[in-house]
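Structure, as structure tokens:
Numbers restart at 1 for each chain; the letters A, B, ... are given by sequence-line order, proteins then strands. What's counted below: heavy atoms across the whole structure, side chains too, no hydrogens, waters or symmetry copies.
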Amino acid sequence: MALQVYSTLTRKKEPFHKQPGERVSMYVCGPTVYKPSHIGHMVGPVIFDTVKRYLTYLGYDVKWVVNITDVDDKLIKRAAELNTTVPALAEQMTADYLDCLKKLNVTGIDQFPKATDHIPGMIGMISTLIAKGYAYPAAGDVYFDVSKDKDYGKLCNRDPEQLEAGARIEVSDKKRNPGDFALWKGAKPGEPAEVQFDSPWGKGRPGWHIECSAMSRALLGDTLDIHGGGLDLQFPHHENELAQSESTTDQPFARVWMHNGLLKMGSAKMAGSVGNVVNIADLLQRHSAETVRFLLLGTHYRSPIEYSEERLDEVKTSLQGFYQFFESYERVTGESYFTLPVPERERDWPKSPQDAVNERLVIATLLGDYLGYMQDDFNTGGAVGVLHRTLRNLNTLVNRTENLGRFTYQGATPSRETLLNQLRESTIILRGMTSILGLFWEAPVKKALGGLAPIRVTANVAEVAVTSSATGTTGATPETIINGLMQLLLDLRANLRTEAKSAAKDNPLKKALFDQTDLIRKRLADLGVTLEDRPGGTTWRVG
RNA sequence: GGCCCGGUAGCCAAGUGGAAAGGCAACGGUUUGCAAAACCGUCACACGCCGGUUCGACCCCGGCCCGGGCCUCCA
């Protein structure tokens, strides 16, 4: 099935209008930089980052632009409150925004144009609109005349006549129609000089909406392939952008309009106006960026996302299985999941599943399911489900490899090498699937011990001794000491276990020795350290 | 009032005109000296309610109830 994308304009899924290999322009409305970002601000970026990753995987050449609106009423107000300047505030908040994107692994945005860098473009557009009769100056302001635009309201099904009925629209005697909106706002007395720009209509600043029309046009052209943004921007923001742009260029403004659902807390949306926002910096103190991204992608992008601490805890738990697998994978293959090649484009994926055996075939089927979901309007929720099913198969493969000989096969027992090959190829597929979603981009940090890697203790104590002396003792740091102590403890425990296991059943020492090994494990558990005795030796981890 | 969007198990959440993915929680089992981890199994005769279309609907149509969003700044 060809890629299907839901368009707000037609209210239905449509086959994507471009072919792999072609360029795709994507514009997503960014923030007005007057406050630190909250998680709601990250929904769109995470989703469209995933959209870009998937389109890239399919072979499209995507150029993605996100605007920074750095001049606006809210900025002026906030800067005054903080006793700073608008540019200084904007710069600081932009840095915060970019930092949040980086933390959530939103890496696909190609350009972040600032409104203040595009004033001439906006003035040009407004002049054109006036010349074509779509806009009119009024005492220093310039307004868009919605009655002149025949299809005004087509995105949101709004009837300009009925806009009056709402009566919540800002009233102004400068407007010809209640639904008219400002393209340019004349400077008001007392406003700082840095937000006063020269224009044919006197000093002033752009209205909200025009910056997106001007900047998307400047960087991506008259017609965008994809225009995205939050559901709450449909009206009036996108409706007005659409009206301005098409009235200016006489070209379709966007081929596809994609709107993401909003974050919900309980029964209400999360928003600055509701006052229930969760600041990202605070959030990341409690939960990993991975957990947050996983939460955002677990629900279809057009649906509201249920947000709560409980949800985050749940997601975190479900994520543990993946981390466990990554450790298993490394233990069994000696290779880190995070250094496996990432098949970024379709042509780079492992091929010829017909050559594969058993699990490898199953995983190839799962990949098909995964792609089926993604093809259907970027159904990341369904895709995440496939990830979990894939994980189960991979764990089975790990178990078979690690416990080779304990499993009975119908035909010939595969060699360890065969199993390892299957495991590696299958894991690369998982790696590719998670990478499209932008998940598991870096190895998790063992916070409690400052990045200390888990030690593996083999049952062979002689071998252990060699390992520890090879580690070296020079330059003792808290880390090397803790590491060494853990090693010591686990060595002793390994010895006890060996003794206990070899002791005869009726030997009273057997139980006594096992009691000691259990005591060590219990006391470590009290400290938050979990020991896992495996066929190849004992591993430990924090948590 | 107008315009949209939802209502799937205890919670979250996919989905298809032909007998409901996945996760969390719960329970049972395999494995383990015991654990941990992993794996297997159980867990919605049922998808807001009522009609209709159909051989057959959770999925299509109509009505109703409930919830949410937008119409004012908002990702």
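Crowding of A/Lys188 atom NZ: a count of heavy atoms from other residues, nucleotides or ligands under 6.0 Å exceeding 12. Environment of NZ in A/Lys316: sparse, with no more than 12 heavy atoms of neighbouring residues, nucleotides or ligands closer than 6.0 Å.
A distance of about 15 Å separates the P atoms of B/A46 and B/C59, rounded to the whole Å. As rounded to the nearest Å, B/A36 and B/A75 have C1' atoms that lie 42 Å from one another. The separation of B/G41 from B/C49, taken at their C1' atoms, amounts to 35 Å, rounded to a whole angstrom. Spacing of P atoms, B/A44 relative to B/G22, comes out at 13 Å, to the nearest Å. To the nearest whole angstrom, the two C1' atoms, one in B/G28 and one in B/C45, are 23 Å apart. Spacing of C1' atoms, B/U32 relative to B/C39, comes out at 13 Å, to the nearest Å. Remark: the separation of the P atoms in B/C5 and B/G15 is 16 Å, to the nearest Å. B/G6 sits 14 Å from B/A13 when the P atoms are compared, rounded to a whole Å.
To the nearest angstrom, P of B/G22 lies 15 Å from CZ of A/Phe294. Look at CG on A/Asp515: it is 14 Å from P on B/A35, rounded to the nearest Å. If you measure from atom OH of A/Tyr152 to atom P of B/G2, you get 20 Å, rounded to the nearest angstrom. Look at NE2 on A/His237: it is 15 Å from P on B/C70, rounded to the nearest Å. In this structure, the CG atom of A/Asp533 is 13 Å from the C1' atom of B/U31, given to the nearest Å. Separating the NZ atom of A/Lys316 from the P atom of B/C12 is a distance of 21 Å, rounded to the nearest angstrom. Computed from coordinates, the A/Leu404 CG to B/U31 P distance equals 18 Å when rounded to whole Å. Note: CG (A/Asn240) to C1' (B/C73) measures 14 Å, nearest angstrom.
Between A/Tyr337 and A/Tyr329, the ring planes are perpendicular. Angles over 60° get that label, and only those under 30° would be called parallel.
Contact record, A/Ser426 with A/Leu397: OG-CD2, 4.1 Å, taken as the closest heavy-atom pair. Contact between A/Asp369 and A/Arg389 at its shortest, heavy atoms only, is OD2-NH2, 3.2 Å.
Looking at heavy-atom distances under 4.0 Å, A/Gly44 makes no contact with the nucleic acid at all. As judged by a 4.0 angstrom heavy-atom cut-off over every strand, A/Leu387 is placed among residues making no nucleic acid contact. Residue contacts shown for A/Ser37 are absent, as no nucleic acid heavy atom lies under 4.0 Å away. Backbone-only engagement by A/Asn379 is indicated by non-hydrogen atom pairs under 4.0 Å involving sugar-phosphate atoms exclusively. Nucleic acid contact class of A/Lys74 (heavy atoms, under 4.0 Å, all strands): sugar-phosphate only. Within the 4.0 angstrom heavy-atom criterion, base atoms lie near A/Met270. At a threshold of 4.0 angstrom between heavy atoms, the contacts of A/Arg521 include nucleobase atoms, whether or not backbone atoms are also involved. Heavy atoms of A/Gly230 sit under 4.0 angstrom from primed sugar atoms or phosphate atoms, though from no base atom.
The one candidate from A/Lys12, A/Arg302, A/Lys13 that meets the salt bridge (charged side-chain N to carboxylate O under 4.0 Å, His left out) condition with A/Asp377 is A/Arg302.
Checking B/A75, B/C24, B/A14 against every side-chain atom of A/Thr317, the shortest atom distance belongs to B/C24. Listed nucleotides B/C71, B/A75, B/A21 differ in distance to A/Tyr373; the shortest reach to its side chain belongs to B/A21. Relative to the side chain of A/Asp232, the nucleotides B/C12, B/A75, B/G2 differ in distance, and B/A75 lies closest. Relative to the side chain of A/Ala268, the nucleotides B/A21, B/G23, B/G69 differ in distance, and B/G69 lies closest. You'll find that the side chain of A/Phe235 is closest to B/C71, out of B/C24, B/G33, B/C71. With B/C34, B/G33, B/G23 as the choices, the nucleotide that has an atom nearest any side-chain atom of A/Glu314 turns out to be B/G23.
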Could you pull out every donor-acceptor pair under 3.5 Å between side chains of residues 26-36 of chain A and any protein atom, sequence neighbours left out?
{"unit_1": "A/Tyr27", "atom_1": "OH", "unit_2": "A/Asn67", "atom_2": "OD1", "d": "3.2"}

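Under the 3.5 Å distance criterion, the side-chain polar atoms of A/Glu239 are matched with a main-chain donor or acceptor of A/Gly153. A donor-acceptor pair under 3.5 Å is absent between the side-chain atoms of A/Asn260 and the main chain of A/Tyr301, judged by distance alone.
Remark: the A/Arg311 side chain and the B/C11 base include no donor-acceptor N/O pair separated by less than 3.5 Å.
Cation-pi geometry between A/Arg431 and A/Phe440 is not met: the NZ or CZ atom fails to fall both under 6.0 Å from the ring centre and inside 45° of the normal.
Across the interface with RNA chain B, nearest-nucleotide mapping of A/Gly382 and A/Thr530 shows A/Gly382 to be the residue nearer the 5′ end. Closest-nucleotide positions on RNA chain B for A/Asp518 and A/Leu262 were compared, and the one nearer the 5' end corresponds to A/Asp518.
The aromatic ring centres of A/Phe378 and A/His300 sit 6.0 Å or more apart.
For RNA chain B, the stems formed by at least three consecutive Watson-Crick or G-U pairs, with both atom-pair distances below 3.5 Å, span B:1-7 with B:65-71, B:10-12 with B:22-24, B:26-30 with B:38-42, B:48-52 with B:60-64.
Ionic pairing of A/Arg78 and A/Glu81 is present here: one or more N-O contacts between side-chain nitrogen and carboxylate oxygen are shorter than 4.0 angstrom.
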(message) Walk along nucleotides 37-43 of chain B from 5' to 3' and tag each nucleotide B, S or - by protein heavy-atom contact under 4.0 Å, base first, then sugar-phosphate.
(response) SSSS---

